[in-house]
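The structure is given below, and queries will be raised subsequently.
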Amino acid sequence: MSSHNFATLRYTALRIGLFVASFAVVWVLAYVHVIPLGLGASNIFWLLLLAVVISAPLSFVLLRKQRDAMAQQIAPRVDRQRARFAASVGQEDGLK
């Protein structure tokens, strides 16, 4: 099996891993009071939001190769779906 067969799974796993690592760093920083914990019960939501804000740009830069491989894997499927949709629209227009 080619490495492109699992490109989507690999990218998704790496993206989740990067988020979990970001969350762990943010949690440690909050635990040692480097960053604020939030207000009242908002602690976990604040930490999750901060982890998302940190992991999104990191994944954009660090996972470029995996994202490109995933796009190459998905592109033929998208093209087939577009062709099917165009054919069904053509058939529908022919009925009018």
Side-chain angles (χ1 to χ4, degrees):
M1 296 193 115
S2 172
S3 65
H4 289 288
N5 290 342
F6 298 106
T8 303
L9 182 62
R10 182 178 300 115
Y11 175 75
T12 303
L14 288 171
R15 181 82 191 256
I16 291 170
L18 191 58
F19 171 74
V20 169
S22 297
F23 181 76
V25 168
V26 167
W27 185 80
V28 167
L29 291 175
Y31 184 74
V32 296
H33 300 291
V34 173
I35 59 173
L37 289 173
L39 299 172
S42 69
N43 182 26
I44 190 70
F45 297 114
W46 159 250
L47 295 179
L48 286 170
L49 180 64
L50 195 54
V52 166
V53 169
I54 291 171
S55 68
L58 284 176
S59 69
F60 185 73
V61 174
L62 297 176
L63 301 179
R64 182 172 307 233
K65 289 180 185 177
Q66 289 81 9
R67 188 173 53 253
D68 290 343
M70 181 182 69
Q72 288 176 354
Q73 178 186 6
I74 293 174
R77 294 178 192 168
V78 171
D79 292 339
R80 282 193 305 268
Q81 290 290 8
R82 285 184 182 161
R84 282 189 210 153
F85 181 72
S88 69
V89 167
Q91 288 177 350
E92 204 174 276
D93 288 343
L95 293 175
K96 290 183 181 180

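In what follows, residues are counted from 1 in the order of the sequence shown. Side-chain atoms are counted along with the backbone in the values below, which use heavy atoms only and exclude waters and symmetry mates.
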Same apolar cluster (I L V M F W Y, side chains within < 4.5 Å links), Ile54/Tyr31: yes

Hphob cluster co-occupancy, Val52 + Leu58, side-chain heavy atoms under 4.5 angstrom: yes

Spacing of Leu14 atom CG and Lys65 atom NZ [to the nearest 0.5 Å]: 12.5 Å

Gln66 side chain to Arg10 backbone, donor-acceptor under 3.5 Å: no

Test side-chain contact (heavy atoms from CB on, under 4.5 Å) applied to Arg84 - qualifying residues, sequence neighbours left out: Gln81

Hphob cluster co-occupancy, Leu49 + Ile35, side-chain heavy atoms under 4.5 angstrom: no

Any residue meeting side-chain hydrogen bond (donor to acceptor under 3.5 Å, both in side chains) with Ser59, in chain and number order, not counting sequence neighbours: Arg15

Sequence-distant partners of Val61, side-chain contact (heavy atoms from CB on, under 4.5 Å), two or more places apart: none

Shortest non-hydrogen separation from Arg67 to Phe60 and the atoms involved: NH2-O, 3.0 Å

CG on Asn43 to CG on Leu48, rounded to 0.5 Å: 9.5 Å

Show the atom names and distances, to 0.1 Å, of all donor-acceptor pairs under 3.5 Å that link a side chain in residues 22-29 to residues at least two apart or in another chain.
unit_1, atom_1, unit_2, atom_2, d
Ser22, OG, Leu18, O, 2.9

Atom pair CE (Met70) and CZ (Phe6), whose distance is rounded to the nearest 0.5 Å: 15.5 Å

